[in-house]
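Reading through the structure tokens given below for one structure.
Source: prediction; values computed, not measured. Chain A is the first sequence line, chain B the second, and so forth, proteins listed ahead of strands; every chain is numbered from 1.
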Amino acid sequence: MEQEYKPHEIEKKWQKYWNESGIFQAEPDKREKFFITIPYPYLNGNLHAGHTRTFTIGDVVARHKRMLGFNVLYPMGFHVTGTPIVGLAELIASRDPQTMDVYERLHGIPGDILPTLETPEKIVDYFKLEAEKAMRMIGYSIDWRRKFTTTEETYKKFIEWQYIRLEEKGLIVKGSHPVKWCPNDNNPVEDHDILHGEEATIVEYTLIKFRYKDLVLPCATLRPETTFGVTNLWVNPDVGYVKARVEKDGYTEFWVVSREAFRKLTFTDRTVEYIEDIPAKSIIGIKLTNPVTDDEIISLPASFVRPENGSGIVMSVPAHAPFDYLALRDLYDADLSDYGITEDLRKIELISLIKAPEFGEFPAKEIVEKMGITSQKDPKAEEATKIVYRREFHGGMLKEITGKYEGHAVSKIKDILTRDLISSNAGEIFYEFSEPVICRCGTPCVVNMVKGQWFLNYSDPEWKAKVYRCLSQMRIIPEEYRVEFENKVDWLKDKACARKKGLGTRLPIDKEWLIESLGDSTIYMSYYIIAKFIEKGDLALEHLTLSFFDYTLFGKGDSAAVSAETGLDSGILEEIRSDFNYWYPVDLRSSGKDLVPNHLLFFLFHHVALFEEENWPKALAVNGFVSLEGQKMSKSKGPILTLESAVQEYGADITRMYILSTAEQTQDADWHKTGIESARRQVDRFYSFAKDVIENGERAKLGTEFKQIDCWMLSRMQDYFLETNVALDSIQTREAIQNSFFLLINDVKWYQRRGGKTLLYYILDNWVRLMAPFTPHLCEEIWEAMGHKEPISLTQYPLYNEDYMDEGAELAEEVIKGTLEDIEEIIRVTKITPQKVLLYTSPAWKVAVLKCACEMQLEASLEVGTLIKVLMANPDLKRFGKDIPKFVQKIIPEFKSGGADRYEIFAGPGLDEHALLKESASFLEKEIGCPVEIYSADSPAYDPEKKSRFAEPLRPAIYIEGKKGE
RNA sequence: GCGAGGGUUGCCCAGCUCGGUCAAAGGCGCCGGACUUAAGAUCCGGUAUCGAAGGAUUUCGUGGGUUCGAAUCCCACCCCUCGCACCA
């Protein structure tokens, strides 16, 4: 081996070897298979630290399983369908300064190449080569024969087939959906087009239609159930209102809304026509009908009503809404004769409709009085609203006044009620932003209903039920995410699955549309099986008919018929089918947690829709994000750290080691320079340990005479084997590296410090295999230097061997370590320079007491009194009658709290402390730097300060002679 | 607002599923020592507070509670991160 660790040389060598030997090209055989997939990367940039984390986790699992004897398939493809690549091409073509800067400087695209990437095709061609190069550079054990790009014609055939089959099952439907829309550009706005309000979401309001003569005064609300408690409406006297003709779903009505609301309505799926302006005054003081209760209510003036919110008219529920209560109270003594209102507003009775545990009849009134809120303008009014809302929503039940809804939880009523309101034409759905949205062009955006859109019918209850069943049979890693998945299945609504822009496959049932890119990446794991045959030249585009996919992936039909139709050899067809049967289902799909509510969910939906239950996925795993020096990464704006640049700077193994050990599983990782620098030193240490062992010509000496420390080391290693395997099985790479590397290296240090030699080769032999999934190049190199011919990637992973566990040795070593620490502490505290250390092992009677206690513990009869009684009955012990109770009282609590394992080991196999300390005396002398003498507390030859009385089993007494320092 | 995750000793981060052995693993940083002409690397020790004998005391977001005993269980509250869609 080279004197110095040179990662790049080693890595190049082994990557070449892996590639040429084809050892990661997986073919079916007799072994049990393991099919692991990671979502293919979307190529609008180079692979970065986030990909590095997700893909490296996948590779480690793949390598671990392979070393455990599984036949592992780890394939990879490239995702390019959708709009971002088109957008990027446009930005490059227009030489957008930020884009040019970020892509040249941070993505590392050479300055002479970047300007040529002016079309989506060129971008795809460039990045797919770069991505593969990067993944090879970091040493992923991918079967590259199966790679593909999602714009390939053959892949499009596969997608077309899938959508035809989904449509046949009735899972693709047509409908409308709301989008953020700029009326000026006449286009949907995407997040990067937004000047203000990037955070805004589209909120679903219910529009309650209050009626006055032939007019409708609609009010938008998030809490339709409160319609039962409406006492009045609020109209702003200073706002301009209009009357409009509104047509929808066959009805025609005349609505009065604010001017702003009218504009918004024109973008909804209603036909609206302006009729005339309506002075605010003319709709104040009128008597309307509540469409739900048929009660007559009055409209009142209120300046807090904002014309741009909802319809510009607000319904008032003073029993439950503090603002409404305050506004109403403020009017009690106002002169409203101007509006023709003469009645006494105090006569308006509050209507209570929700029973919430913390409140009485009128929560709004109650809280306003309790908090001492004086008017609508009081900032505390906002807080009061929140409190009431929260308590009512979570703990509230609908009262009798709500009729058939009585007893329903407030939190569960919205969907039911909205549906009923719509069917009785008492209400409608109305979409609104959670905050104002302004387009880049400066125009306020609106919610627009896009009509005639194609949807994947994810809300279908039967479909969801299948996904639930699938989930319930799956392993979710970590298990805490199961509830998250279940929630998301619940929440998922129909999803628009086609769009007009971008790269992709045309929707076969409506060629005007392109299949949206999340929808074309749901069951492509099965395509990896086919891709190999395409690459080999066995399959051509014309072979990929519907029946071809039906046969190979579903097992429908027979090979002879498909062969006749496609002209394919039936042997090939059967081989593909049999490959599919071997590799499917997916055993593990592992991904970043950002894909939980979208891709991973769709992955499940499409699998359960199309495949038989036996081919449903087996397990899902999620991991956290990666940030850079505390900053969030951004592909388009930076900062970003590419996989390639990390590997170039630090090497593949160090990069892998760092990214895997810096954070656990779903925790986010922060990549920082000091962290990876230290990983470099750690790997260096491992290298030099290996080099030393190999150069010293050490060989396995298992079975020769073992010293205490050898037994200890062997035992400890078994523990790390166990922990590492368990951690890897649950994809806790940090825990795995903690055990297989950091804890182990510390034990190896102790082993060598204690003079251990015999096991050095054994340690290396196992350690290098243990580390192989994490730092595979380095481990191959060491393995080869040890004289092995087979690559380490295909050898057996170390497994826990119970026979090598040695509790006695571990306990003995603990005693030595503890004794050394105690001595050092005494020296530190007393500041004496030791000249001689005297150790006294426990007197025999204390040992006898312990043994007796252990026996009684086993019989579960251990009590202070009974133990003392038993001991006193023993004539040999009775002599120590004065000391026994004290010792017993000290020991018993340890037993009671379950902390007496060590005593049981001590009492069981037996540990000769005196011999142990004698044997270790020279070690202690070396460490402390002065002579160490061992005595028994039973008959100490020298004990000037009577320290021996402190001696206990596993805790020798210490006396230090020396000069007192400053 | 809804959903999910998280707040631990200078920092990162374990432990908290199964309360006691937890002043709390590991890494980083820092301090001291060994080695070295020196630096780096490596090794050893320290790193809540107090302590001239291996000990004691106060800590694990805040406030309560359960218990002989809580970082760990229960309740309330505060704060932070992420997702909420047609976009990959």
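In this structure, A:Glu813 does not pair ionically with A:Arg716, as no charged nitrogen and carboxylate oxygen lie closer than 4.0 Å.
In this structure, the CD atom of A:Glu486 is 22 Å from the P atom of B:rG83, given to the nearest Å. Taking atom NZ on A:Lys749 and atom P on B:rC44, their separation rounds to 4 Å, with Å as the unit.
The side chain of A:Glu664 approaches B:rA14 more closely than any other nucleotide in the set B:rG27, B:rA52, B:rA14. With distances taken from any side-chain atom of A:Arg734 to the nucleotides B:rC28, B:rC13, B:rC87, the minimum falls on B:rC13. Closest to the A:Pro84 side chain, of the nucleotides B:rC84, B:rC87, B:rG27, is B:rC87. In the set B:rG54, B:rA85, B:rA88, B:rA88 carries the atom at the smallest distance from any side-chain atom of A:Thr83. Proximity note for A:Thr674 (side chain, C-beta onward) versus B:rC44, B:rA25, B:rC28: the nearest is B:rC28. Candidate nucleotides B:rG29, B:rG54, B:rA4 were compared by shortest atom distance to the side chain of A:Glu484, and B:rA4 ranks first. Out of B:rG45, B:rG26, B:rG55, the shortest distance to the side chain of A:Gln738 is found at B:rG26. Closest contact between the side chain of A:Glu516 and the listed nucleotides B:rC86, B:rC28, B:rG54 involves B:rC86. With distances taken from any side-chain atom of A:Lys493 to the nucleotides B:rG26, B:rC28, B:rA85, the minimum falls on B:rA85.
The partner of B:rU62 is B:rA76, by the rule that a Watson-Crick or G-U pair needs both atom distances under 3.5 Å.
Checked options A:Glu480, A:Glu479, A:Glu484; the residue passing with A:Arg482 is A:Glu479 (criterion: side-chain hydrogen bond (donor to acceptor under 3.5 Å, both in side chains)).
Backbone-only contact: A:Gln682 has heavy atoms under 4.0 Å from sugar-phosphate atoms and none from a base. If you check every strand for non-hydrogen atoms under 4.0 Å, A:Asn746 touches sugar and phosphate atoms only.
Classified by interplanar angle (parallel below 30°, tilted 30° to 60°, perpendicular above 60°), the ring pair A:Phe686/A:Phe741 is perpendicular.
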